[in-house]
Protein chains: 2
Amino acid sequence: MDRRTERKIGIKDVSKEAGVALSTVSHVLNGTAPISAEVRIKVLEAARRLGYLAKRQQKGAIASLSTIYLAVPPGNLPHNDINLVSWTLLTALSRECERRGIKIVAHNGSPELNAAEILAGAKAVNAEGIILVYDDNPKLLRPLAASNYAIVLLNGEDPTMSVDTVAPANRYAARLATQWLLSRGHRRILHLTWRGRSTIMRRLDGFHDAYMEQNLPLDLGRTIYADGYEPDHARKALRAFIARHGGLDGHTAVFCAADNLAIGALSELQAQGFQIPGDIAVVGFDGVAPGDLTVPSLTTVRVPLDSLAVATLKALEQRLSISGQDHPTQRIELGCRLIERDSAASNFLR
Amino acid sequence: MDRRTERKIGIKDVSKEAGVALSTVSHVLNGTAPISAEVRIKVLEAARRLGYLAKRQQKGAIASLSTIYLAVPPGNLPHNDINLVSWTLLTALSRECERRGIKIVAHNGSPELNAAEILAGAKAVNAEGIILVYDDNPKLLRPLAASNYAIVLLNGEDPTMSVDTVAPANRYAARLATQWLLSRGHRRILHLTWRGRSTIMRRLDGFHDAYMEQNLPLDLGRTIYADGYEPDHARKALRAFIARHGGLDGHTAVFCAADNLAIGALSELQAQGFQIPGDIAVVGFDGVAPGDLTVPSLTTVRVPLDSLAVATLKALEQRLSISGQDHPTQRIELGCRLIERDSAASNFLR
DNA sequence: CTGAAAGCGCTTACAG
DNA sequence: CTGAAAGCGCTTACAG
């Protein structure tokens with residue numbers, strides 16, 4: 001990440017790169033003298049190219065964090081290797097903290113997260129901030145928000161907006177994937193999901209949005225609820241659906257609310273003799289499963305886990321630097337990208 | 001805002017405030033030496049109290065912006081004094097730009113916004129960034145996103161996530177207002193809205209969320225669509241509703257998707273002899289109408305317009321400082337607060 | 001807008 | 001962790 005050669009980029013390097021005087025660079029960056037637009041732009045572009053602007057932005061923030069307290073509902077902890085998403089997200093977070101020399105201490109308490117315990121734990125390790133992952137329990141969030149810790153909810157939903165939140169743009173990303181399928185001629189699409197955290201329901205919203213945007217009747221898209229988000233839950237749910245309808249009931253694609261479900265869907269559909277993507281296309285969501293190793297490889301929505309980790313730390317630092325006033329809480333959603341692979345071919349057209 | 005006396009807060013002031021050595025402060029802020037947790041915290045709190053952390057964060061960013069190009073759909077321009085929300089938002093934006101010495105140039109083009117025109121206009125004034133207000137037209141956003149201007153969509157929705165967006169947390173705020181009514185015993189609530197931009201539909205989502213969260217049947221809450229967002233549209237829609245049902249049909253509250261509608265609702269309901277809030281409570285959304293001047297004064301959801309303006313500039317600067325790589329786009333939503341006044345009394349309990 | 005120079009604020013190395 | 005001191009990077013004032 002840090003190339004040795006560009007260790008210390010300074011205003012001097014920028015002036016050379018832009019071919020202007022050192023003082024000019026300073027004036028551009030501070031607005032302390034009237035500078036022509038052409039020169040201004042030349043300087044700013046050089047500063048951006050060399051990463052000087054980014055460095056300067058970072059420098060402001062890098063101050064305040066030394067220890068973060070991390071609270072994750074036990075079911076989502078990495079040692080439970082079923083949930084690869086959690087694992088990858090937490091790894092990204094650890095890596096980013098390490099890179100910046102921030103210590104991160106994981107909460108280890110009752111099976112059910114509990115605000116008093118979390119606050120006590122954070123205090124015991126002298127944390128400046130708390131990252132709460134996945135949870136969206138208002139009973140938990142309210143007392144945490146009332147404390148004077150900087151708190152960020154990661155990958156969750158806080159409808160009360162009592163704490164800052166960082167999450168993928170679930171609704172828009174699901175809409176994107178569904179739109180992609182619709183644009184390739186699919187009309188009857190199954191959405192395979194489960195009744196879990198509310199963030200997963202935002203993916204269902206997006207599924208519907210795509211139909212509405214095309215003025216297609218919503219009931220062309222059918223939603224199937226699995227009993228959970230493991231591959232076996234997907235298999236069971238699909239098996240039941242197929243048995244009930246004596247087939248796929250005219251559906252040509254399955255959009256799964258998680259890669260785990262998509263993996264189960266792939267195996268169940270293939271076990272039942274369906275060709276993928278010939279008979280039915282499969283699209284996942286998450287982008288952390290080894291989707292390029294499945295057969296066929298999995299088309300999926302990639303959640304930018306690294307960026308989520310970075311944004312979480314930034315939100316925490318921002319909150320820490322705010323004195324007294326009542327800045328409104330913010331929710332930051334990051335855009336996701338569709339990874340096109342073989343389980344949903346791009347040349348399907350009915 | 002800037003008290004003369006605290007013009008230049010430096011590390012020296014922080015060291016005095018915290019009662020530690022100057023070098024210690026530096027080490028804490030840079031992590032360049034092992035410092036005990038107690039001292040660290042003492043220093044950081046002093047730094048925050050004096051606004052030093054905030055100053056430092058700002059300093060990193062203040063660099064890159066000198067001219068912003070502002071594109072607003074003509075119907076929302078301030079000279080159309082019907083829309084007080086636009087006016088207040090754009091004023092907040094101008095004020096913040098002025099405070100920071102940023103020049104802001106308003107686009108003035110065809111009645112329908114058009115990407116090529118906007119880009120040409122931005123280039124003509126040597127802008128570094130473009131703020132697009134209110135619009136959510138993908139045909140417009142796509143080509144803008146493809147340009148290499150830093151772009152922020154303010155108060156809009158971009159489901160394609162092609163540009164960074166700053167907006168109020170419409171869905172959660174509407175949920176909050178509805179929850180507040182439900183918690184005061186209201187069960188049958190009218191949601192008065194109009195078919196406009198999609199952000200307004202998010203307020204409808206939030207209206208429904210509040211019912212779902214309480215496990216109340218959704219059809220207790222009924223939605224009325226006015227023909228637009230002006231007070232007269234609200235009057236007409238309510239008049240039709242009351243005529244059709246021979247009254248309020250058991251509803252005890254009207255939650256309006258905009259203050260403008262709420263003002264119309266107040267006047268129509270009173271004209272028809274209903275007591276507010278005795279017979280029916282009225283809640284608005286926006287918080288910019290002179291809601292404390294209506295009779296009765298208007299309970300409403302206040303959108304943090306100043307913070308939206310600040311966040312927009314920050315997002316623009318952040319995007320400007322990013323070199324090459326593909327950082328995902330971000331959507332920032334800010335939390336809103338309920339302003340309790342007389343049009344929905346807090347002691348209504350059935 | 002340049003370039004040399006003074007100055008300022010923060011960083012850093014070190015003895016205590 | 002302190003305190004005095006050297007050093008560094010950026011800012012600022014100014015003549016050209």
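Residue numbers start from 1 in every chain, and the chains themselves are labelled A, B, ... in the order their sequence lines are given, proteins ahead of strands.
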Begin from the C-alpha positions of B:L316 and B:D164 and carry the test side-chain contact (heavy atoms from CB on, under 4.5 Å) through to its verdict. CA-CA 8 Å; B:L316 213 46; B:D164 295 324; over 6 Å; no
According to the Watson-Crick and G-U wobble definitions, with both distances under 3.5 Å, which nucleotide is paired to D:dA4? none
Tell me the partner of C:dA13, counting only Watson-Crick (N1-N3 plus N6-O4 or O6-N4) or G-U wobble (N1-O2 and O6-N3) with both under 3.5 Å; none if nothing fits. none
Heavy-atom distance under 4.5 Å between the side chains of B:V133 and B:S86, does that happen here? no
Can you find a pair of side-chain heavy atoms, one from A:L308 and one from A:P168, that are under 4.5 Å apart? yes
Quick one: what's the B/S/- string for nucleotides 2-16 of chain C, heavy-atom cutoff under 4.0 Å, read 5' to 3'? BB------SBBB---
Under 3.5 Å, side chain of A:R48 to main-chain N/O of B:L320, donor-acceptor pair present? yes
Would one find more than 12 heavy atoms of other residues, nucleotides or ligands at under 6.0 Å from atom NZ of A:K55? yes
